[in-house]
Every structure is written in structure tokens, then in C-alpha cells.
Amino acid sequence: MPKLKLPDAVSDGTFLETLLRKAVQTKGIRIDREKFLRKELDKHFPAEVVQHAIAENPAQAGISPEQLEKIAKACITYETGKVSLISAGAGVLGFKAMGVTVPADLLQFFGHVVRVLQKLAYLYGWPELLFNDDDELDDATQNQLTLFVGVMFGVKAATSAVGKIAAAMAQNIPRHLAQQALTKGTIYPIVKRVAAMVGVKMTKKMFASGAGKVIPVVGAAVSGGVTFAMFMPMSLRLKKHLVGLPMASPEHYLQPTPRDIIDIELDFSDINLLEDDIET
């Protein structure tokens with residue numbers, strides 16, 4: 001197999017950033033947290049528990065990860081089936097340059113990535129992820145989404161960063177402080193590196209799966225089979241990580257948490273940014 005030459009936009013993270021920004025602007029990508037939780041939890045829990053889960057989060061309402069397992073798996077199965085079907089119908093879509101060009105098949109693939117990560121995040125204790133009033137990504141949201149996608153692709157630096165953010169958010173800090181922490185200078189090298197590693201892993205995986213044989217630079221389409229093989233494991237990896245965070249544990253909320261937090265500093269300096277720092 002010939003060596004895969006990656007475009008600069010992939011290896012420096014620019015392509016993933018562009019892809020996410022375009023994906024979240026697509027109709028139907030946003031998951032309304034309140035509507036989603038009400039719809040999914042109403043089937044299994046009393047109304048007062050559901051309301052508590054919406055007002056705070058499912059774990060604070062006493063709902064354990066074990067109780068959410070069936071719901072989470074159903075969400076993953078639904079999104080996997082939907083994205084795979086659309087991808088298979090799209091066929092192979094070629095493109096000549098990859099600077100800021102976004103193939104339609106990849107766009108819908110990442111649209112469903114953003115959909116499933118929102119659903120899993122809301123089940124396991126995270127607040128509303130998207131959007132501003134104009135549906136544009138601010139820097140904090142862009143950084144957070146990049147890290148979540150990094151977890152899905154097995155980038156260990158992203159897993160560590162999301163764990164640090166979750167630990168801070170589990171201390172009952174106001175949301176605006178969490179947003180500020182996601183825009184401070186130490187997060188940017190992590191996010192940029194994660195975006196680059198995701199882009200490299202994604203394109204190499206597509207190439208190895210055969211899509212790259214059609215297009216000399218990189219496969220432009222994620223066929224139905226390749227999509228299924230990528231999307232399901234990615235979603236399950238994110239679920240596994242979120243389940244283990246304090247925000248998903250009812251026991252965590254039985255402990256006293258600090259009040260009157262006026263600022264928060266997150267130290268990302270110990271996160272490994274090695275080239276091969278990716279889970280297999």
C-alpha cells in the first residue's frame with residue numbers, strides 16, 4: 001500500500017475545526033437537552049425524578065449509569081444506523097483539494113458524531129453543549145467539542161483533558177466559569193494537537209478501509225460499511241469514558257462540594273502530546 005500523504009489542513013487540525021463548525025450549522029444537529037432527557041427518561045422514571053434530572057442532571061436525581069445503559073445504547077444504535085444508511089446512499093463523493101473543502105458525506109458523518117455526543121453527554125451529567133443564539137460555535141464550545149471528538153477517536157490527550165474539565169464541573173461551579181476555563185491559554189495547545197491527531201487517524205483509517213484507493217489524496221466518502229465500523233466503536237468509547245466521570249455518579253453528589261467559587265484554573269500541563277498517543 002502506498003504511503004498516505006496527508007494535506008496540511010489535516011495534519012495541523014484545521015480541517016477538523018472547519019468540519020465541526022460546518023456540521024453544527026446543519027439542520028437537525030442540535031439536541032435540545034430538556035426535550036431529549038424528558039423524552040428518554042419519562043419512559044423509565046417517575047415525573048419528579050425526570051424533572052430533577054432536567055433541572056440538575058440524571059446523577060443528581062439519583063439515576064445511576066447502570067440504569068441509563070439501555071437508553072445510551074439505544075441512542076448509539078439509532079445514530080449509527082441512521083448515519084450508516086445515509087452514507088451508504090451517498091455513494092463515493094470525490095474532491096480535489098482538502099484545504100477547507102468539506103465533502104457532503106463527511107459533513108453528515110460528523111453531524112451525527114455531534115448528535116450522539118450530545119445525547120451521551122446529557123445522559124451522563126453535562127450541561128447544554130450547543131449553541132449560541134445564532135447557532136455559531138464560540139471558542140469554548142469549539143474546544144469542548146474537539147475534545148469530545150478526540151475521546152471518540154481514542155486520543156489519550158483528549159481523554160485526560162475531558163476528565164479534568166469534568167472533575168472541575170462536578171464541583172458545582174457556575175457554567176460561565178467552566179466556559180472561561182475552556183478558553184484560557186493552556187487549553188489551546190491541547191485542542192490543536194487533538195484536532196490534528198483526530199484528522200490524521202480519521203484519514204488513515206478511511207484510507208486503510210479502501211476509500212483512499214478511489215481518491216489519491218484521501219478517501220472523500222465514508223461508505224456505509226466503513227461508517228458503521230467507525231461510528232459504533234467511537235460512540236461506545238465516549239460512553240465508556242463519560243460513565244466513569246464523577247458527573248455521572250449519584251454517589252458523588254452525596255458529598256459536600258465547595259460553594260462560592262469565583263474563578264477556576266485548569267492545569268493541562270501534564271497532558272501527554274506525543275505523536276502516537278492514541279488508544280488502539
Side-chain angles (χ1 to χ4, degrees), residues 4-24 26 29 76 79-80 83 87 98-103 105-118 120-121 129-130 137 139-165 182 187-209 211-212 217-222 226-242 268 271-280:
L4 178 62
K5 179 176 175 55
L6 298 175
D8 291 342
V10 171
S11 55
D12 69 9
T14 304
F15 185 63
L16 179 66
E17 294 170 0
T18 302
L19 196 54
L20 284 175
R21 286 189 179 275
K22 288 183 177 293
V24 300
T26 304
I29 297 307
I76 292 172
E79 295 296 337
T80 301
V83 72
S87 183
M98 204 169 174
V100 292
T101 304
V102 180
D105 200 37
L106 275 178
L107 186 60
Q108 65 87 18
F109 177 84
F110 268 88
H112 284 278
V113 165
V114 175
R115 278 179 57 88
V116 78
L117 74 80
Q118 288 174 87
L120 294 175
L129 298 180
L130 301 177
L137 285 181
D139 288 345
T141 306
Q142 170 85 17
N143 292 343
Q144 189 167 358
L145 287 182
T146 300
L147 293 175
F148 269 68
V149 173
V151 174
M152 297 177 79
F153 274 88
V155 180
K156 294 179 182 178
T159 301
S160 298
V162 169
K164 286 178 178 286
I165 295 166
L182 281 162
I187 191 70
Y188 285 105
I190 307 294
V191 170
K192 199 68 178 175
R193 188 64 180 144
V194 168
M197 294 173 80
V198 167
V200 170
K201 182 172 183 180
M202 175 181 66
T203 51
K204 285 184 175 180
K205 189 174 184 69
M206 289 165 57
F207 187 83
S209 300
V217 177
V218 68
V222 186
V226 176
T227 295
F228 186 90
M230 290 177 66
F231 195 93
M232 178 72 80
M234 286 167 54
S235 302
L236 290 173
R237 182 183 284 119
L238 177 62
K239 181 180 80 69
K240 180 180 178 181
H241 183 56
L242 296 180
F268 298 98
I271 294 180
N272 192 344
L273 293 180
L274 294 178
E275 182 77 29
D276 60 350
D277 191 30
I278 296 180
E279 298 174 13
T280 57

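Computed from a predicted model, the values in this text were never measured in an experiment.
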Give, for atom [atom1] of [X] and atom [atom2] of [Y], the distance between the pair rounded to the nearest 0.5 Å.
X	Y	atom1	atom2	result
Thr26	Phe110	OG1	CZ	12.5 Å
Arg21	Thr18	CZ	OG1	8.5 Å
Leu147	Ile187	CG	CD1	5.0 Å
Leu145	Leu16	CG	CG	9.5 Å
Leu19	Thr14	CG	OG1	12.0 Å

Is it true that a side-chain atom of Gln118 and a backbone atom of Ile29 form a donor plus acceptor pair closer than 3.5 Å?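 Yes, Gln118 side chain to Ile29 backbone: donor-acceptor pair under 3.5 Å.
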Minimum side-chain heavy-atom gap [X]-[Y] below 4.5 Å:
X	Y	value
Thr141	Val24	no
Met152	Val116	yes
Ile76	Leu120	yes
Glu17	Lys192	yes
Leu117	Leu129	yes

Please report the closest heavy-atom contact between [X] and [Y], naming both atoms and the distance.
X	Y	value
Met234	Met230	CG-O, 3.0 Å
Val194	Ala157	CG2-CB, 4.2 Å
Ala23	Gly111	CB-N, 3.9 Å

Please enumerate all residues that pass ring pair (Phe, Tyr, Trp, His ring centres under 6.0 Å) together with Phe148, with sequence neighbours excluded.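 Ring pair (Phe, Tyr, Trp, His ring centres under 6.0 Å) check on Phe148 returns Trp126.
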Yes or no on side chain to side chain contact (heavy atoms under 4.5 Å, CB included) for Phe153 and Met197, after CA distance, side-chain angles and deciding distance? CA-CA 9 Å; Phe153 274 88; Met197 294 173 80; over 6 Å; no
